[in-house]
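Heads up, the thing below is written out as structure tokens.
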Amino acid sequence: MKRKHWLMVAELLVLSLTALFLFAALQGEHPVSSGIRDYIVANGSRETGALNLVTAIYLGYRAFDTLGETIVLLLAVSGVIYFTDFSAKGGGESEEDDHT
């Protein structure tokens with residue numbers, strides 16, 4: 001019971017420190033306009049052919065980044081499927097039970 005109590009205290013401490021860090025990081029002045037923002041608003045649809053700016057940024061300007069993330073996700077899912085044993089029979093039977 002004591003270990004469970006310490007684990008809960010550690011989780012609450014990590015959560016609290018994360019919340020404090022995010023609160024402190026998001027404080028301050030954020031510029032309303034920047035050079036990159038103005039450029040994308042002015043040229044995004046024309047350069048990428050997308051009808052809205054979110055699609056232009058996601059599929060146009062960040063296409064290689066999105067492709068890289070997709071490849072990493074595909075490799076992770078493939079690894080999980082590879083290491084998961086789907087050949088086991090249902091009902092908890094083992095191979096030793098089949099040789100009787």
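Quick note: residue numbers are just sequence positions, from 1. The basis for the numbers below is simple: all heavy atoms, side chains too, and nothing from hydrogens, waters or symmetry mates.
- Annotation for Leu51: atom CG does not count as buried by contact number, only 12 or fewer foreign heavy atoms lying within 6.0 Å.
- When all heavy atoms of Thr84 and Val80 are compared, the closest pair comes out as OG1-O, 2.5 Å.
- Hydrophobic clustering places Leu67 together with Leu75 (ILVMFWY residues linked when any side-chain heavy atoms are closer than 4.5 Å, directly or through intermediates).
- Heavy-atom minimum distance, Gly44 versus Leu53: CA-CD2, 4.2 Å.
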Problem set entry | side chain to side chain contact (heavy atoms under 4.5 Å, CB included) between Thr70 and Leu74, worked out | CA-CA 6 Å; Thr70 305; Leu74 176 67; 5.6 Å; no

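- Contact check for Asn43 versus Arg46: side-chain heavy atoms found under the 4.5 Å cut-off.
- Residues Leu12 and Leu17 are members of separate hydrophobic clusters, defined by side-chain heavy-atom contacts under 4.5 angstrom among Ile, Leu, Val, Met, Phe, Trp and Tyr.
- Thr66 meets the side-chain hydrogen bond (donor to acceptor under 3.5 Å, both in side chains) test with no other residue; sequence neighbours excluded.
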